[in-house]
Amino acid sequence: MTKPFSAIPSAPGHWLLGSLPQIKKQPFHLYAYDLASRFDGLVRFRLMHKPVLLVANPVTVQTILKARPDTYRRARKTESVFREMSVHGVFSAERADWLRQRQLMNPAFRPGQIREFFPIIQRCTEALCRNLAARPGGNPVQTALMACTADITSVLAFGIDLNTLDRSDHEFQRHLNSLFPMLMYRLHAPFPYWKLFRLRRDRELTESLQYVRRSVAAMIEQARAELAEKSAADRSYRPENLLEAMLTTRAENGQRFTEDELFANVLTLLLAGEDTTANTLAWTIHFLADQGDLQDQVHAEIEANYPRGRPLGYTDLDRFPLTFACARESMRLVPVAPYLLLEAYRDQVVEGYRLPAGVMVMVLLAASGLQELAFRDADRFMPQRWLSLSDGDQKRFASELMPFGYGPRLCPGRQLSFVEMKVALIELLRRFRFRRTAGHEVTESMAFTVVPTNLRVDIDQR
Ligand code: HEM
């Protein structure tokens with residue numbers, strides 16, 4: 001028999017504020033991890049008067065994520081906040097609207113297309129290496145990584161190299177950087193105060209949105225004109241960036257992206273593609289910086305397998321299992337997008353309890369990665385563990401840890417980010433040795449993705 005929602009174990013909280021005081025003291029995801037481990041993966045808590053169901057058991061998580069787009073959707077607030085900020089694209093769209101946009105976007109992420117992007121990824125990674133070599137001591141490496149993935153993503157998204165690696169004052173990027181934290185802030189705000197009154201940060205947001213909107217509109221215009229020219233000159237011309245791919249693709253029903261959707265999806269790609277990959281790399285370097293011996297092993301693997309007399313090629317990337325295991329291990333310890341906020345369209349049953357429609361469901365994507373039951377020495381950075389797994393364990397972990405989500409809405413950019421991360425780690429660890437700069441305590445904070453705050457490393461050339 002189905003038990004009522006009120007029978008789900010409940011986290012202790014303030015009578016009026018619920019869990020807000022605890023969440024103020026630490027990042028939301030760390031609070032959620034702690035609750036999930038204390039309450040066996042299923043617990044409810046309150047954000048003021050609003051109940052939230054926290055779900056962490058992988059099988060339940062998968063059942064919920066697979067039941068999209070018809071049974072579950074992203075929490076309604078996602079759509080309204082994304083809409084207000086003109087980023088209502090594939091990430092926040094639902095049902096038929098989502099399906100059409102996803103069909104339009106998928107071709108831009110086909111392996112063949114990613115292969116075509118390889119030279120761009122290489123060029124930006126070279127610029128990253130030059131940038132880091134020029135600033136060896138106490139380097140804010142995370143800023144450089146963000147600039148690198150921003151440059152890669154902007155060339156891939158609309159064919160323009162912003163070159164923020166060399167130009168930290170780039171106006172477009174400055175405005176973009178102010179959009180994303182606000183998006184996160186509004187998504188988690190207990191109530192939408194900005195609909196009643198505007199603080200300085202809300203006025204600045206409007207200004208940044210106007211700037212970005214104008215710039216992206218001009219980029220779309222330019223891409224459309226160039227595409228027409230190139231296709232007229234060469235009838236077999238293939239799209240060179242995601243915007244061109246989105247301009248040329250039609251959904252199964254023959255529709256194309258509307259102007260607003262194009263704008264929203266270009267921004268969605270910048271949003272989804274930059275911080276996630278950059279911060280995964282930043283965490284990897286953070287963990288490696290404490291382990292000189294491991295860096296030497298990785299360096300030996302790279303030296304042994306790096307091609308002689310020619311640059312690294314796309315097909316070489318699988319020759320560096322230990323190097324890539326460092327990124328996998330970092331994603332296990334700190335999945336940078338640790339949770340999704342969803343809700344059901346109609347009442348559902350979750351682990352035998354009734355879940356009323358519309359109640360927020362916080363789904364943890366990779367909580368078992370931190371559990372001793374699943375991983376020996378779960379809190380230690382041990383990339384070697386990924387090399388000696390049996391086939392069964394490989395499969396089990398691949399399905400239990402879902403750093404890219406799961407089901408029909410699985411991240412379309414995961415292969416692209418693997419390629420970016422592989423190239424970056426191979427080139428960085430081949431040339432440099434990272435050491436943690438003394439006196440800099442790194443903490444986790446949540447700013448759309450999980451960020452290593454205060455990360456500073458000393459860099460020695462090999
Ligand atoms: C380490 C890198 C990345 C991580 C950890 C990551 C993680 C995620 C997660 C957890 C989701 C939600 C999936 C779900 O709802 O089941 C997602 C969605 C998405 N990601 Fe990524 N992502 C990464 C890189 C990228 C890149 C490089 C791009 C593109 C340039 C990208 C584009 C997207 C898009 C468009 C969505 C929305 C998909 C949809 O709702 O249908 N991501 N990503």
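Owing to the predicted nature of the structure, the values given are computational and were not obtained by experimental measurement. Counting starts at 1 for both ligands and their atoms, following the listed order.
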Checklist entry - What's the shortest distance from atom 25 (C) of ligand 1 to any protein heavy atom, and which residue and atom give it? => result Ala272 O, 3.4 Å
Item to check | Thr153 N/O to ligand 1 N/O under 3.5 Å | outcome: no
Item to check | Cys411 side, atom SG; Leu416 side, atom CG - distance, nearest 0.5 Å | outcome: 8.5 Å
Checklist entry - Does a side-chain heavy-atom distance below 4.5 Å link Gln62 with Tyr406? => result yes
Checklist entry - Side chain, backbone, both or neither: which part of Val90 comes within less than 4.0 Å of ligand 1 when only heavy atoms are counted? => result both
Item to check | Atoms of ligand 1 close to Tyr406 [distance to a heavy atom under 4.0 angstrom, numbered from 1] | outcome: 16 (O)
Checklist entry - What part of Thr280, side chain, backbone, both or neither, has a heavy atom within less than 4.0 angstrom of ligand 1? => result side chain
Checklist entry - For ligand 1, is any non-hydrogen atom under 4.0 Å from Phe109's backbone (N, CA, C, O), its side chain (CB onward), both, or neither? => result side chain
Checklist entry - How about Asp391: does its CG atom have over 12 heavy atoms from other parts shown lying under 6.0 Å from it? => result no
Item to check | Within-shell test, Arg74 vs ligand 1, heavy atom, strictly < 4.0 Å | outcome: yes
Checklist entry - So is Arg102 polar-close to ligand 1, meaning N/O to N/O under 3.5 Å? => result yes
Item to check | Minimum-distance protein heavy atom relative to atom 37 (C) of ligand 1 | outcome: Phe91 CD1, 3.6 Å
Item to check | Subset of ligand 1 atoms that lie under 4.0 Å from at least one heavy atom of Leu365 | outcome: 10 (C)
Next on the checklist: Checking the N or O distance criterion of under 3.5 Å, is ligand 1 in contact with Arg409?
Outcome noted: yes
Checklist entry - Heavy-atom contacts under 4.0 Å between Arg68 and ligand 1: side chain, backbone, both, or neither? => result side chain
Checklist entry - Hey, is NZ on Lys395 packed in by over 12 heavy atoms from elsewhere, all under 6.0 Å? => result no
Checklist outcome for this item: In this structure, atom 5 (C) of ligand 1 is nearest to the protein heavy atom Pro403 O, 3.5 Å
Checklist entry - Would one find an N or O of Trp98, backbone or side chain, under 3.5 Å from an N or O of ligand 1? => result yes
Item to check | Residue part near ligand 1, for Leu156, under 4.0 Å between non-hydrogen atoms | outcome: neither
Next on the checklist: Using a 4.0 Å cut-off to any heavy atom of Leu340, which atoms of ligand 1 qualify?
Outcome noted: 12 (C), 14 (C), 15 (O), 16 (O)
Checklist entry - What residue and atom, counting heavy atoms only, is the protein's closest point to atom 42 (N) of ligand 1, and at what distance? => result Cys411 SG, 3.0 Å
